[in-house]
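Working notes, beginning with the structure itself.
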Amino acid sequence: MSAKLSVKPSVNPAAKQHTVVDSPYGPLTLVATGGLLSGLYMTEQRHRPPDETFGEPDPRPFGQVREELAAYFDGALTEFTVELHLAGTPFQRSVWEQLRQIPYGETRSYGDLADRLGRPGASRAVGLANGKNPVGIIVPCHRVIGSTGSLTGYGGGLDRKQRLLAFESGGAAPGEYALF
């Protein structure tokens with residue numbers, strides 16, 4: 001993956017802005033920190049920070065994100081390149097980087113990710129880190145399933161997870177089962 005997890009030095013790293021965009025899965029709140037994408041939150045998402053922490057409304061930092069999301073939902077983009085600023089523990093960041101390695105249309109189990117991290121007994125910790133992913137869809141936590149192939153928890157709801165997986169596998173158009 002070519003996206004970097006960093007902060008542009010010319011931008012105030014504490015400055016936050018946000019905007020809300022429509023998607024086939026409902027409104028998405030995009031948050032930028034220091035000019036880089038640091039959050040993508042769905043409505044009614046578990047672990048969604050309070051709206052007052054998202055900074056000022058400003059669509060300017062989100063041009064590339066909007067373009068890439070539109071291309072993804074059109075089926076023309078399978079890998080995001082937008083630069084990210086992700087705040088988390090070193091373990092969470094390592095899990096999120098592993099999520100970015102899961103190819104479009106494929107899934108991995110929590111145990112698979114734990115093995116790839118060299119921590120085969122850490123599948124529950126991987127699940128917790130996965131659930132705290134602040135940039136769903138772009139950091140594709142929806143591609144992680146249970147060891148039996150079952151759909152397990154998803155911060156955006158199991159219905160959205162199922163629809164995202166069906167969309168990526170070619171089984172459904174993104175808006176086929178729209179929430180709204």
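In what follows, residues are counted from 1 in the order of the sequence shown.
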With a 4.5 Å cut-off on side-chain heavy atoms, are V65 and V21 touching? no

Roughly how far, to the nearest 0.5 Å, is the CD atom of Q101 from the CZ atom of R116? 8.5 Å

Can you tell me if R143 uses its side chain to pair, donor with acceptor, with the backbone of L99 under 3.5 Å? no

Please tabulate, for side-chain N and O atoms in residues 103-115, each donor-acceptor pair with protein atoms closer than 3.5 Å (sequence neighbours left out).
from, atom 1, to, atom 2, distance (Å)
E106, OE1, R108, NH1, 3.1
E106, OE1, R108, NH2, 3.1
S109, OG, G111, N, 3.3
S109, OG, D112, N, 2.9
S109, OG, D112, OD1, 3.4
S109, OG, D112, OD2, 3.3
Y110, OH, T152, OG1, 3.0
D112, OD2, S109, N, 3.1

Could you tell me whether the side chain of K161 and the main chain of C141 form a donor-acceptor pair under 3.5 Å? no

Kindly indicate whether the side chain of V126, heavy atoms from C-beta on, has any atom under 4.5 Å from the side chain of Q98. no

CG-CZ distance between L86 and R100, expressed to the nearest 0.5 angstrom: 8.0 Å

Which distance, rounded to the nearest 0.5 Å, do you find between the NE2 of H18 and the CD of E56? 8.5 Å

With hydrophobic residues grouped by side-chain heavy-atom distances under 4.5 Å, do W96 and L30 end up in a single group? yes

Counting only heavy atoms not in R119, do more than 12 fall under 6.0 Å of its CZ? no

Mark yes or no for whether R163, through its side chain, and Y25, through its backbone, hold a donor-acceptor pair below 3.5 Å. no

Quick one: salt bridge (charged side-chain N to carboxylate O under 4.0 Å, His left out) pairs with a partner in residues 58-69, sequence neighbours left out? D58-R60

Under the side chain to side chain contact (heavy atoms under 4.5 Å, CB included) rule, what do L117 and F91 come out as? Steps first, then yes or no, please. CA-CA 9 Å; L117 290 168; F91 181 76; 4.2 Å; yes

Are any non-hydrogen side-chain atoms of F80 and Q64 less than 4.5 angstrom apart? no

Side-chain donor-acceptor pairs of residues 127-137 under 3.5 Å, sequence neighbours excluded:
from, atom 1, to, atom 2, distance (Å)
N133, OD1, V135, N, 3.0
N133, ND2, V139, O, 2.7

Look up atom CD1 in I102 and atom CD1 in I145, then write down how far apart they are to the nearest 0.5 Å. 9.5 Å

So which heavy atom on F62 is nearest to which on L37, and how close? CE2-CD1, 4.2 Å

Heavy-atom closest contact (P49 atom, T53 atom, distance): CB-OG1, 3.5 Å

Rounded distance (nearest 0.5 Å) linking atom OG1 of T19 with atom CZ of F54: 12.0 Å

Criterion side chain to side chain contact (heavy atoms under 4.5 Å, CB included) on R48 and T29, from CA distance to verdict: CA-CA 10 Å; R48 179 185 168 114; T29 300; 3.2 Å; yes

With rounding to the nearest 0.5 Å, note down the distance linking CE in M42 to CG in L28. 6.0 Å

Are any non-hydrogen side-chain atoms of L40 and L69 less than 4.5 angstrom apart? yes

Flag the pair T43 / R160 as yes when at least one side-chain heavy-atom distance between them is below 4.5 Å, and no otherwise. yes

